[in-house]
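In what follows, a single structure is set out as structure tokens and then discussed.
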Amino acid sequence: QKEVEQNSGPLSVPEGAIASLNCTYSDRGSQSFFWYRQYSGKSPELIMFIYSNGDKEDGRFTAQLNKASQYVSLLIRDSQPSDSATYLCAVRVVSGSARQLTFGSGTQLTVLP
Amino acid sequence: DGGITQSPKYLFRKEGQNVTLSCEQNLNHDAMYWYRQDPGQGLRLIYYSQIVNDFQKGDIAEGYSVSREKKESFPLTVTSAQKNPTAFYLCATTSGTAYGYTFGSGTRLTVV
């Protein structure tokens with residue numbers, strides 16, 4: 001079982017719709033959760049992070065965390081064509097002195113005009 | 001401006017050659033990381049360093065080497081032992097366990 005799993009997609013939504021991206025993780029010791037956006041040929045860019053159960057909103061983005069279900073999601077409201085990118089879920093498990101993020105393989109999102 | 005500089009942006013390697021990818025940061029971050037990304041894949045950890053003169057292997061360290069002689073710099077050498085080096089290489093730093101990573105712009109390595 002992969003440590004961090006994402007549906008690879010591609011996921012297509014019409015402009016103005018809500019895009020829902022999902023991520024599950026295997027280690028119950030996971031403490032921090034991050035969403036990165038990566039445009040084609042570019043490096044990942046941090047867009048959201050969440051540490052506690054519940055929802056965290058930032059503009060059109062909402063991150064949702066459920067530690068009991070080992071599930072984190074990203075909602076993008078009023079999706080725009082500029083949101084078309086690959087979204088990477090990353091999870092941090094602090095073990096010993098290690099400070100590493102484990103990444104999922106990413107979900108490719110296309111927002112159709 | 002504070003940030004991470006990776007160079008070169010594109011690199012071509014001949015069979016049997018060693019090549020070195022540069023990563024420099026002026027963020028004063030302790031921890032630095034090298035990741036490899038293949039098309040349609042996530043990021044896989046090659047090496048990481050939490051302090052100067054110390055580094056640890058990641059999941060795919062074979063065929064790679066690093067050094068950390070100063071806080072600002074964490075170069076990655078792709079040796080001839082790495083049989084399939086064509087990939088997008090990303091350097092990242094972090095200021096602490098509560099924070100995510102900041103990535104450089106990446107180096108795209110191609111074997112010719």
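What you see is a predicted model; the values in this text were computed from it and never measured. Sequence lines set the chain letters: A, B, ... in the order given, protein chains first and strands last, and positions in each chain run from 1.
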Check against side chain to side chain contact (heavy atoms under 4.5 Å, CB included), A:Gln38 and B:Phe103: CA-CA 11 Å; A:Gln38 186 176 25; B:Phe103 284 91; over 6 Å; no
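The OG atom of A:Ser105 sits 12.5 Å away from atom CG of B:Asp38, with the distance rounded to the nearest 0.5 Å. From A:Leu101, atom CG reaches atom OH of B:Tyr48 across 12.0 Å, with rounding to the nearest 0.5 Å.
Other residues, nucleotides and ligands contribute at most 12 non-hydrogen atoms within 6.0 Å of the CD atom of B:Glu62. Atom CG of A:Leu112 has more than 12 heavy atoms from other residues, nucleotides or ligands within 6.0 Å.
Proximity to chain A (any heavy atom under 4.5 Å) is shown, for B:Arg44, by neither the backbone nor the side chain. The part of B:Leu45 that comes within reach of chain A is its side chain, from C-beta onward, which places non-hydrogen atoms under 4.5 angstrom from that chain. Contacts between B:Gln37 and chain A at a heavy-atom distance below 4.5 Å involve the side chain alone, from C-beta outward.
What you find for B:Leu90 and A:Pro44 is that their closest heavy atoms are CD1-CD, 3.7 Å. In terms of heavy-atom proximity, B:Ser105 sits nearest to A:Ser43 at CA-OG, 3.9 Å.
B:Leu109 and B:Ile60 fall within the same hydrophobic cluster, defined by Ile, Leu, Val, Met, Phe, Trp and Tyr side-chain heavy atoms under 4.5 Å apart, directly or through other members. Note: the hydrophobic cluster containing B:Ile46 does not contain B:Tyr35 (ILVMFWY, side chain heavy atoms under 4.5 Å, direct or indirect links).
At distances below 3.5 Å, not a single donor-acceptor pair connects side-chain atoms of B:Tyr101 with backbone N or O atoms of A:Leu46.
Contact check for B:Thr94 versus A:Arg92: side-chain heavy atoms found under the 4.5 Å cut-off.
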